[in-house]
Amino acid sequence: MIIAIDGPAAAGKGTLARRLAEEFGFAYLDTGGLYRAVGLSVLRAGGNPADAGAAEVASSELDLALLSDPELRAEDTGNAASKVAALPVVRSNLLAFQRNFAASPPGGAAGTVLDGRDIGTVVCPDADVKFFVTASAEVRAKRRFRELEERGIEPDFRVILADVRERDARDTHRKDAPLRPAEDALLLDTSNLDIDAVFLRAAAFVRERLSPQ
């Protein structure tokens, strides 16, 4: 079984994806982490994440060790990831990796859970289960604000909200694989729901699909 989870930044899709993978014993891939790794690689090389040439090199020679790098979740890395993800050459280089992961789960797992921006629409359009997890920009900015506070950083909420809106606009209006729900995706709005409520609804939906017809 392939479970595709899409949605904007800070909507809660990563947390949901990890919990579903653990619940059903499926392999998990944070595809956004791949783009963050490319963005981080470009930044460390002194390049511009919006430069197709620099991003192409980084995505074709991607060091997967970056997926566990502490800087992967930094705000600058997230913004860089959104920029490289808008480049067709980067998406092409990473597409095969994601599809191979979905088709051949590591460790002999019975299924996979992939979360990102275009899993259900482009990477795995034939996924067995598709979710689109979203929340208002204000709610997502507040979550990011609290996350940074917990890390000992003194964030500016107005800056974070502006960044969230900018990334949303960039992700939804890019020409290649824009962020949008798949037509057959179950919409999960987490603006007024905690992760437990979202997980229970999603898990029940997966169990329905796993049940013999």
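We use all heavy atoms of the structure for the numbers below, so side chains are in, but hydrogens, waters and symmetry mates are not.
- Annotation: side chain to side chain contact (heavy atoms under 4.5 Å, CB included) contacts of T31 (sequence neighbours excluded): L29, Q98, L114, I119.
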Please output the side-chain donor-acceptor pairs of residues 178-186 that fall under 3.5 Å, not counting sequence neighbours, one pair per line with the distance.
| from | atom 1 | to | atom 2 | distance (Å) |
| --- | --- | --- | --- | --- |
| D184 | OD1 | K130 | NZ | 3.1 |
| D184 | OD2 | K130 | NZ | 3.4 |

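- Atom CG of D194 sits in a crowded spot, with more than 12 heavy atoms from other residues, nucleotides or ligands closer than 6.0 Å.
- A pairwise comparison of heavy atoms in L62 and A37 identifies CD1-CB, 3.6 Å as the closest pair.
- The line from CG of D163 to CD of E75 is 5.5 Å long, rounded to the nearest 0.5 Å.
- Between L16 and I195, the shortest heavy-atom distance links the atoms N-CD1, 4.0 Å.
- Screening residues 36-50 for side-chain hydrogen bond (donor to acceptor under 3.5 Å, both in side chains) gives R44-D69, R44-E71 as the qualifying pairs, with residues at least two apart or on separate chains.
- Counted by atom type alone, S82 and R170 present one or more donor-acceptor pairs between their side chains at under 3.5 Å.
- Atom CD of E154 and atom CZ of F145 lie 9.0 Å apart (nearest 0.5 Å).
- Applying the salt bridge (charged side-chain N to carboxylate O under 4.0 Å, His left out) test to pairs two or more places apart or on separate chains, those with a residue in residues 196-205 are R19-D196.
- Not one N or O on the side chain of R99 forms a donor-acceptor pair closer than 3.5 Å with the backbone of C124.
- Considering all non-hydrogen atoms of both residues, E56 and S59 come closest at O-OG, 3.1 Å.
- Interatomic distance, CG of D30 versus CZ of R18, reported as 7.0 Å (0.5 Å rounding).
- In this structure, R117 and Y35 have side chains that are not in contact, with every pair of non-hydrogen atoms separated by 4.5 Å or more.
- Hydrophobic clustering keeps V122 apart from V113 (ILVMFWY residues linked when any side-chain heavy atoms are closer than 4.5 Å, directly or through intermediates).
- Between L34 atom CG and R91 atom CZ the span is 11.0 Å, to the nearest 0.5 Å.
- The two residues V42 and A55 make their nearest non-hydrogen contact at CG2-CA, 3.9 Å.
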Passes salt bridge (charged side-chain N to carboxylate O under 4.0 Å, His left out), D128 versus R209? Steps please.
CA-CA 8 Å; D128 303 281; R209 295 301 178 92; over 6 Å; no
Could you pull out every donor-acceptor pair under 3.5 Å between side chains of residues 131-139 and any protein atom, sequence neighbours left out?
| from | atom 1 | to | atom 2 | distance (Å) |
| --- | --- | --- | --- | --- |
| S136 | OG | V139 | N | 3.2 |
| E138 | OE2 | R165 | NH2 | 2.6 |

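- The stretch residues 39-80 participates, sequence neighbours left out, in no ring-ring contact (aromatic ring centres under 6.0 Å, His included) pair at all.
- Two residues are said to be in side-chain contact when any heavy atoms from C-beta on lie closer than 4.5 Å; R167 and P8 fail this criterion.
- Interatomic distance, OG1 of T112 versus CG of N100, reported as 11.5 Å (0.5 Å rounding).
- Of all the heavy atoms in A27 and A109, the pair that sits closest is N-CB, 3.7 Å.
- Contact of the F24 side chain with the L210 side chain is registered, since non-hydrogen atoms from C-beta on lie closer than 4.5 Å.
- In this structure, E147 pairs ionically with R144, as a charged nitrogen and a carboxylate oxygen lie closer than 4.0 Å.
- L64 is connected to L94 through a chain of hydrophobic side-chain contacts under 4.5 Å among Ile, Leu, Val, Met, Phe, Trp and Tyr, so both are in one cluster.
- Atom CG of N79 sits about 9.5 Å away from atom CG of L43, to the nearest 0.5 Å.
- The local environment of CZ in R158 is sparse, with at most 12 non-hydrogen atoms from other residues, nucleotides or ligands closer than 6.0 Å.
- In this structure, R143 contributes its side chain and A11 its backbone to a donor-acceptor pair below 3.5 Å.
- The minimum heavy-atom distance linking Y28 with A21 is given by the pair CB-CB, 3.7 Å.
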